[in-house]
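See structure below.
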Amino acid sequence: MSAAALAESNAHLIYVPVSVFLIACPLLVAIRFWSRMRNGGHVGADDYTVLAALVCALASGGLMIAACVYGYGRHMKALSSEDRMQALKYFWLCQITYKSCINLTKASILLLYLRIFGNVRWFRWLCIVLTTIIAAYCVASVTVTIFQCTPVPRTYDKSLDGTCIDNGKFWFANSGFSIATDLIILCVPLPMVYVLQLARSQKIALFAVFTLGVFVVITSCLRVTTINVQATTSDQTYDIASTMWTVIEMNVAIVCACLPQIRPLIVKLFPRLMPAAHTRNPSGKTPDISSHTKSVSSPAKSDCSSHWTVGGQQEPIAMGAVRKPERGSEEHILSEDRTILGIQKTVRYSVEYSKDELNPV
């Protein structure tokens, strides 16, 4: 190999995406927390989980930058044995933080679904089951990654005697699980959105918000096309396209997980793209509650109460005598000055009294 070839480096495949997402991801997560708390909202488990995913993503970026400092991206023949060992050690550690990050992000999205649609029993249990599966797989995949070789140091120091698992098969299996769960998570909320009584433009906008995960699926598929090269190459520190897509995939997942939560900012910047108005009838006017009133012939004597849900919190609505109409419900996206991407179901009631009750003897 010529001196010019030995001097070649693919380190820019790591430096560029790490630099871009080092700014983008912390900014989006910060905006997410600000959006949650700016109007008296509360930070939930989904927010803390995506914050943990961000920590893992930043750790992954830092580890890969450190690997590049020791020659990751250059030909193995151009590196000293010590530099090669250090570069591969940081790459191994990045595999651990990557698997933690990608699964934490999935869990965060499912916890967000629970926060929005958690009052639907079958949907709540589906999200709980999926979250449990992802958590169990996260523990299992991280454990296998740590102990992929016996002894463990053989992972990055091939001069040691021992055995290792077939990384190619393991990486393909991990990618298969990741893509499958991404597709499931992508489709899970769509039936819930479909039944919402929304204007068509609002429903399309909401579908778009919940299908942002398609970008994660695309990056995962692109990563799969490069796995075999990195798993079978004899120049492991130079053929690093798969590592580039690993960095991109985990950060794109965090971006997609945060975008629904910063909807108010998107609404302000692009009001026509994501309208925040409530559902309206074809005439363009807000429906009159009186049009849904059903007559009551008998005096209303008993007290009743109902609840309305905003972003996972219930507040009681005190009522005197009420009667629930047959078709008096409206479900809509909350406007930007309330809860972030809250889905509110408004149940209209009419209050009616008999003449005897209004004019007591």
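It should be emphasised that the depicted structure is a prediction, and the values quoted were computed from it without experimental measurement.
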Under-2.5 Å SG separation for cysteines Cys101, Cys56: no
Donor on one side chain, acceptor on other, Gln148 and Thr155, under 3.5 Å: no
Separation between CD1 of Ile133 and CD1 of Ile184, rounded to the nearest 0.5 Å: 7.5 Å
Check: Lys99/Ser141 side-chain N/O donor and acceptor closer than 3.5 Å: no
Common cluster, Ile134/Ile109, ILVMFWY with side-chain heavy-atom separation under 4.5 Å: yes
Candidate pair Arg36 and Asp46, rule salt bridge (Lys or Arg N to Asp or Glu O under 4.0 Å), full reasoning: CA-CA 11 Å; Arg36 282 290 194 198; Asp46 56 319; 2.7 Å; yes
Spatial distance of atom CD1 (Ile128) from atom CG (Leu110) [nearest 0.5 Å]: 10.5 Å
Side-chain atoms of residues 21-31: list all donor-acceptor pairs with protein atoms under 3.5 Å, sequence neighbours left out, distances to 0.1 Å.
none

Any side-chain donor near an acceptor of the partner, Ser108 and Thr49, under 3.5 Å: no
Side-chain donor-acceptor contact under 3.5 Å, Tyr70 with Glu82: no
Between Thr237 and Arg74, a side-chain donor and acceptor under 3.5 Å: no
Under 3.5 Å: donor-acceptor pair, side chain of Asn10, backbone of Tyr238: yes
Check: Ala257 main-chain N/O paired with Arg32 side-chain donor or acceptor under 3.5 Å: yes
